[in-house]
Student: 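Here it is: the structure, laid out below.
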Amino acid sequence: MVTFVDQVTLHVRAGDGGDGCVSVHREKFKPLGGPDGADGGRGGSISLIADSSVTTLLDFHFHPHRAAGDGGDGAGDYRNGHNGENLTLPVPIGTVVKDARGKLIADLDEAGMELVIAEGGQGGLGNAALASSKRKAPGFALLGVPGWRGEIILELKTVADVALVGYPSAGKSSLIAAMSAARPKIADYPFTTLHPNLGVVQAGDMRYTIADVPGLIEGASEGKGLGLEFLRHVERCSALLHVLDCATLEPNRDPISDLDKILKELAAYDVPEGQAPLLERPQLIALNKVDVPDGLELAQFVRPELEARGYRVFEISAVSQVGLRELNFALAQIVREARDLRAAEPAKPRITLMQKRRDEGSFEIFKEMHGDDEIFRIIGVKPERWVAQTMFGNEEAVGYLADRLAKLGIEDELFKKGAVAGSTVVIGAGAGVVFDWEPTITSAGELIAGPRGTDARFDLNERRTTNQRREEYKARMDAKAAAREELRKEGQAGIWSASDELDETETSEEE
């Protein structure tokens, strides 16, 4: 049965905005009541909040799909739709939020920090809000905008002050049980600990947390064992405590070689940008199991070499609790100094938004080739939102969209990019919404791609010149002469019996 989860993929869907309403006020003796369609409600948003009472991502493991409430549709008589219900998801302190590609979005490492991961869609305007002096009674409304939907990755990085690292069965779980009230599973076989354990330690008036990380082994950076999987829980620690087994029965094992292998694996681990590498943080050595005679002898033998390397070394026993008091206060001093440094740093924002705010008034037009077809793609906040709000089955709504796009300056930019009437225009990324572009009428002479007095955007019949009319007349007369000659030949061949009538008709035509 799964009891600890520190990484999940969360599928979220913010609420869609409600549609605006098309309605005209109807009441006895008021034939011109006017539009009274109200606006749709805004869709609910989804946010994460760091909560100290939550310690695992287990709930998201079993329920990875989360959705906020949709906004209600507007109604007549100016009745606005209700706003969708927001959804707040508590997560453990130390949760890192990433997008579907693994890019860091936010680090919720303080209690109360909140992140909006999916913003609700905007509600559509009703026809009452769209009425103006030129549009007295709009026969259309705006649709609600869909809320943000997608995937995010949650990673839990334990917020502990000190991390215990070392080989399996080095005594890390026993040490955390001896120094705190934590009661992890303890057994005499490797990889007993399958997930990090936290313990709270008291040293005088100083309280700090320690975490034992599942045992590292040689090759962990290449995927062996469990250590590399849980090294993310070491990233936030102020200090590292190397727990070395001085009474191991395994061949080719001793405290010095164990330390060298662990240091190699820690050096191969890349910490996030802006954090100190693991080996540059304060490190202490705990030579464990000195309650065993051979263990005490080995600890005294290797201690001078470890101190010569610059480490502060403590001989301890998690079973008999020898040396734990000195170790406790030494760790507390390191944690105190680290907290003083963090206190001088500026405070982090409490509320932020995952989706980056884009400039509302800006847009970009890209020319793309799909096979032999040339398309013009429009990317921008307003164009994409306006398209999502349009009722394409309503000609008036489509005309309103065209007016909005023209006012934004999109038609001018399309002309500059080389678009002509009938060009394929796509608004939005991916499939988007495809149009065959038909420019609206403007008075801007610089946009008219043709000779003076013409407009290439319209299929107009040009006025014929005198030479053109003369050529057309000559061609018509030549065609009549050819037809008369053909009829004469058919009469001579006996096909026509009324040859005299034909001659008289020809004579009258010539006269």
Student: Between atom CZ of Arg312 and atom CG of Leu241, what is the distance when rounded to the nearest 0.5 Å?
Tutor: 11.5 Å
Student: Contact between Phe363 and Lys382 at the side-chain level, heavy atoms closer than 4.5 Å - yes or no?
Tutor: no
Student: Flag the pair Arg404 / Lys407 as yes when at least one side-chain heavy-atom distance between them is below 4.5 Å, and no otherwise.
Tutor: no
Student: Under the side-chain contact (heavy atoms from CB on, under 4.5 Å) test against Leu405, which residue among Val425, Leu414, Ile427 passes?
Tutor: Ile427
Student: Given side chains that start at C-beta, do those of Leu324 and Leu175 come closer than 4.5 Å, heavy atoms only?
Tutor: yes
Student: Stepwise, does the side chain to side chain contact (heavy atoms under 4.5 Å, CB included) test hold for Glu374 with Thr424?
Tutor: CA-CA 7 Å; Glu374 181 183 62; Thr424 302; over 6 Å; no
Student: Considering non-hydrogen atoms only, spot the tightest contact between Ile153 and Ala100 and give its length.
Tutor: CD1-O, 4.2 Å
Student: What are the two closest non-hydrogen atoms of Ala141 and Leu130, and how far apart are they?
Tutor: CA-CD1, 3.9 Å
Student: Check the angle between the aromatic planes of Tyr311 and His242 and answer parallel, tilted or perpendicular using the 30° and 60° thresholds.
Tutor: perpendicular
Student: Please check if the side chain of Asp70 supplies one atom and the backbone of Gly15 the other of a donor-acceptor pair under 3.5 Å.
Tutor: no
Student: Can you confirm whether more than 12 heavy atoms, excluding those of Glu297, are under 6.0 Å from its CD atom?
Tutor: no
Student: With side chains defined as the heavy atoms from C-beta onward, is the minimum distance between Pro255 and Leu298 less than 4.5 Å?
Tutor: yes
Student: So, Asn83 side chain and Arg42 main chain: donor-acceptor pair closer than 3.5 Å or not?
Tutor: yes
Student: Go through Gln389 and Gln122 one step at a time and tell me if the side chain to side chain contact (heavy atoms under 4.5 Å, CB included) criterion holds.
Tutor: CA-CA 9 Å; Gln389 292 177 321; Gln122 179 178 326; 3.9 Å; yes
Student: Can you tell me how far the CG atom of Leu142 sits from the SG atom of Cys21, to the nearest 0.5 Å?
Tutor: 12.5 Å
Student: Looking at Asp19, is its backbone amide N or carbonyl O close enough to the side chain of Asp73 to form a donor-acceptor pair, meaning the two atoms are under 3.5 Å apart?
Tutor: yes
Student: What's the shortest heavy-atom distance between Tyr208 and Ala203, and which atoms?
Tutor: CE2-CB, 4.2 Å
Student: Do we see a donor-acceptor contact under 3.5 Å between the side chains of Asp291 and Ser317?
Tutor: yes
Student: When you measure from the side chain of Gln202 to the backbone N and O of Gly204, does any donor-acceptor pair fall under 3.5 Å?
Tutor: yes
Student: With rounding to the nearest 0.5 Å, note down the distance linking CG in Leu48 to OG1 in Thr95.
Tutor: 8.0 Å
Student: State, to 0.1 Å, how close Ala106 and Leu115 come at their nearest heavy-atom pair, and which atoms those are.
Tutor: CB-CD2, 3.9 Å
Student: Quick one, Val319 and Ser174 - any side-chain contact, counting heavy atoms below 4.5 Å?
Tutor: no
Student: Can you tell me how far CG of Leu327 sits from CE of Met179, rounded to the nearest 0.5 angstrom?
Tutor: 5.0 Å
Student: Could I get the full list of side-chain contact (heavy atoms from CB on, under 4.5 Å) partners for His63, not counting sequence neighbours?
Tutor: Asp59, Arg66
Student: For Glu85, look at atom CD and say whether over 12 heavy atoms of other residues, nucleotides or ligands are found less than 6.0 Å away.
Tutor: no
Student: Would you say Arg325 has more than 12 foreign heavy atoms packed within less than 6.0 Å of its CZ?
Tutor: no
Student: Distance-only, no hydrogens or angles: does the Asp39 side chain make a donor-acceptor pair with backbone N or O of Gly126 under 3.5 Å?
Tutor: yes
Student: Would you give the length of the straight line joining atom OG1 of Thr209 to atom CD1 of Ile176, rounded to the nearest 0.5 angstrom?
Tutor: 9.0 Å
Student: Any sub-3.5 Å donor-acceptor pair from Glu413's side-chain atoms to Gly409's backbone N or O?
Tutor: no
Student: Does the side chain of Ile105 come within less than 4.5 Å of Ile152's, by heavy atoms?
Tutor: no
Student: Using modelled atom types and a 3.5 Å cut-off, is there a donor and acceptor pairing between side-chain atoms of Asp161 and backbone atoms of Ser238?
Tutor: no
Student: Taking NZ, NE, NH1 and NH2 as the nitrogens, is one of them in Arg303 or Glu307 under 4.0 Å from a carboxylate oxygen of the other?
Tutor: yes
Student: Under the 3.5 angstrom rule, does the side chain of Lys289 hit a backbone N or O of Leu244 as a donor-acceptor pair?
Tutor: no
Student: Under 3.5 Å, side chain of Arg281 to main-chain N/O of Cys237, donor-acceptor pair present?
Tutor: yes
Student: What pair of heavy atoms forms the shortest contact from Val165 to Lys172, and how long is it?
Tutor: C-CD, 3.7 Å
Student: Could you tell me whether Phe301 atom CZ has more than 12 heavy atoms of other residues or ligands within 6.0 Å of it?
Tutor: no
Student: So, taking the atom named CD1 in Ile93 and the one named CG in Asp107, what distance separates them when rounded to the nearest 0.5 Å?
Tutor: 11.5 Å
Student: Using only atom types and a distance under 3.5 Å, with no angle test, would you say the side chain of Asn288 pairs donor to acceptor with the backbone of Val243?
Tutor: no
Student: Any heavy-atom pair between the side chains of Leu284 and Leu240 that's under 4.5 Å?
Tutor: no
Student: Could you go through the side chain to side chain contact (heavy atoms under 4.5 Å, CB included) check for Asp16 and Arg149 one step at a time?
Tutor: CA-CA 10 Å; Asp16 297 338; Arg149 58 202 66 195; 2.4 Å; yes
Student: Can you check side chain to side chain contact (heavy atoms under 4.5 Å, CB included) on Phe140 and Thr390, steps first, answer last?
Tutor: CA-CA 9 Å; Phe140 68 98; Thr390 301; over 6 Å; no
Student: Under 3.5 Å, is there a donor-acceptor pair linking the side chains of Glu151 and Thr9?
Tutor: no
Student: Any side-chain heavy atom of Trp148 within less than 4.5 Å of one from Val12?
Tutor: yes
Student: Of the non-hydrogen atoms in Arg309 and Leu259, which two are nearest, and what is the gap between them?
Tutor: NH1-CD2, 4.0 Å
